[in-house]
Amino acid sequence: MKKKYLALVLAASMVIGTLAGCGSSTTTTESSAPAETTAESAAESTEAAESTEASTEAATEEAAASGEHGPSSEAAPAWEDYDARIAEIKTTTDLAAREALMHEAEDELMSTWAIMPLYYYNDVYMQSEDVDNIYANLYGYKYFGFATAPGNTLSLQIASEPDKLDPALNSTVDGACLAILAFSGLFTYDENGQLVPDLAESYTESEDGLTYTFTMKDGLTWSDGTPLTAADVEYSWQRLANPDTGADYAYLADVIAKNDDGTLQVEASEDGKTFTVQLVAPCPYFLDLCAFPAFYPVPQAAVEGADGYAENPGAWCTEAGFVSSGPFVCTGWTHNESMTYEKNPNYYNADAVTLERIDFMLSDDDTAVWNAFMDGSLQFIDSIGTDNMETAKGMPEYHNIPTLGTYYAGFNVNSPIFEGKTVQQAADMRKAMNLLVDRQYIVDTIAQADQEIANTFIPTGMSDGQGGEFRVNDDAYTYPNEEAVGYFDPTDLEGNLEEARTLLEGAGFVFDENGMLSAETPLNLTYLTNEGTGNVAIGEALQQDFAQIGINLTIETREWSVFLNERKDGQFDFAREGWNADYNDPINMLEMWTTDSGNNDMQFGR
């Protein structure tokens, strides 16, 4: 009942905030009131008038410190409570309370309306019929290492130039696929999607669930023949958590207990045979982390001996020939064109690897990729352009498999488009734009792979951590829109359009007699996306949806790695986003939004 009450309070607060905002008739009246009041009182003396600017700045700083708004913008939400809630989720041992906290966290996230969920992911690709044993897990990761193909050579495409190959620094799905090919972790996923030991031979777990001890396989080596031991795992996990490394996924290590100096409570035995980990609290997904690329061991000598290491912790694997531990090694890399991986003879399970060579085409040109598959140059492609999707679905090479994730767009909460607005007005602006989108049109005409339209961030099918599904209404929790099982009804296009206008009016925007934004209160913003026909087409659909009430959306495209870094740095108003879960627990979709997370693209708390 407690969770249901929280959801009802959330829904009520959204309505109250909207009604309160309706009292403002211009874009600046409400937000400028404190400054006007200060100036009015300061008019009593010249000296006071001269101090108005300093007083306003002090008031802004005081408001941020009091939790009224974010530190960089008066329109951004305060985020301390969210950070505290995520920390509590990671330490509580009461599973029912944990699920309640995760619903509260998603409620708070969605109340900002900085997230615009569009549809829940599935995974589509093309695979030649003479290729076997490529498999994927629920998180979008492809496993090519044990594939079979004619001539023991496989040619494929998964993306364009990878951003980073260092397992600790990567935060993309294509980068994870390459890490899985070249490196190994304590655990991995088999062809049935089940966790199985990889570098570990076995493990033990203490009765209280706080201590894990892994025993390493005998005779493990790096690709250069040097020994790979538990000491390498210890080094790599400490490196992941070290702020100097700059890993986007450093927060995943927060489940591990820390020493007073901030280092992790992990330890390799003197003989390098065992690796022991102390957790903060029992963690139901800990073994999933052991199979996640960010936790893969990397070779310390190669990492720290690379030219440029002091400036770039990932400098050691920016060219072919780097030391690794998986079934394949990278032997060729023509940047922005191709990569070559060859069988690693020093891989512990090399006898199970039949391929001798894998060639990657690095491209996001959907037409070129499709043509290469059709003429036999490629045997596997992981992207299918919008123009080819209908044809692809009728071919035996087409595959459509389930994944856990959400394709969405997102707003930078510190964007200049929200200047002069209160926190609530900015949220109402974002909610209005959320409501304008025809998601079914995007799925039917662009994505075209039978995706389910989304009205939550945490996707359909994700576990609740107690053996059930998270995205359901039950006795403990009901979504704000009970019938639609989410935060709004994405199918009520007419009602959503009217609500969008009301929300924008409450935020100070004026409409003309035709229901279009007036010239006196325009709304202009830019949509940042990477290249690719589907991504650009979705941007164009959003552009059309916004235009129905006069919002002007400009689309800007970037090459993949440039796009990733601009988005991460907050150099955008509104951007294309997508998140495949890293493991089957809602916390993975929630912890990414903490202030210090390297994946906090929306800039919450910053």
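Remember, it's a predicted structure, so these values are computed and weren't measured experimentally.
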Check whether any side-chain heavy atom of [X] lies under 4.5 Å from a side-chain heavy atom of [Y], and answer yes or no.
{"X": "Asn455", "Y": "Tyr120", "result": "yes"}
{"X": "Thr456", "Y": "Phe470", "result": "no"}
{"X": "Val131", "Y": "Leu154", "result": "yes"}
{"X": "Ser184", "Y": "Tyr296", "result": "no"}
{"X": "Glu342", "Y": "Glu356", "result": "no"}
{"X": "Leu564", "Y": "Arg558", "result": "no"}
{"X": "Tyr583", "Y": "Leu289", "result": "yes"}

Salt bridge [X]-[Y], side-chain N to carboxylate O under 4.0 Å:
{"X": "Glu106", "Y": "Arg471", "value": "no"}
{"X": "Arg357", "Y": "Asp359", "value": "yes"}
{"X": "Lys142", "Y": "Asp123", "value": "yes"}

Does the [X] side chain pair with the main chain of [Y], one donor and one acceptor, at a distance under 3.5 Å?
{"X": "Thr403", "Y": "Gly140", "result": "no"}
{"X": "Ser415", "Y": "Asn412", "result": "no"}
{"X": "Ser597", "Y": "Met592", "result": "yes"}
{"X": "Lys343", "Y": "Val353", "result": "yes"}

### Message
Can you see whether Phe418 has Arg430 sitting over its ring - NZ or CZ less than 6.0 Å from the centre and within 45° of the normal?
### Response
yes
Any donor-acceptor pair under 3.5 Å linking the side-chain atoms of [Y] with those of [X]?
{"X": "Gln194", "Y": "Asp190", "result": "no"}
{"X": "Trp316", "Y": "Asp166", "result": "yes"}
{"X": "Asn133", "Y": "Tyr143", "result": "no"}

Can you say whether the rings of [X] and [Y] are parallel (under 30°), tilted (30 to 60°) or perpendicular (over 60°)?
{"X": "Tyr479", "Y": "Tyr487", "value": "perpendicular"}
{"X": "Tyr119", "Y": "Tyr407", "value": "parallel"}
{"X": "Tyr408", "Y": "Trp593", "value": "perpendicular"}
{"X": "Tyr141", "Y": "Tyr139", "value": "perpendicular"}

### Summary
Contacts satisfying ring pair (Phe, Tyr, Trp, His ring centres under 6.0 Å) that involve residues 335-356 (not counting sequence neighbours) are Trp333-His335, Tyr341-Phe360
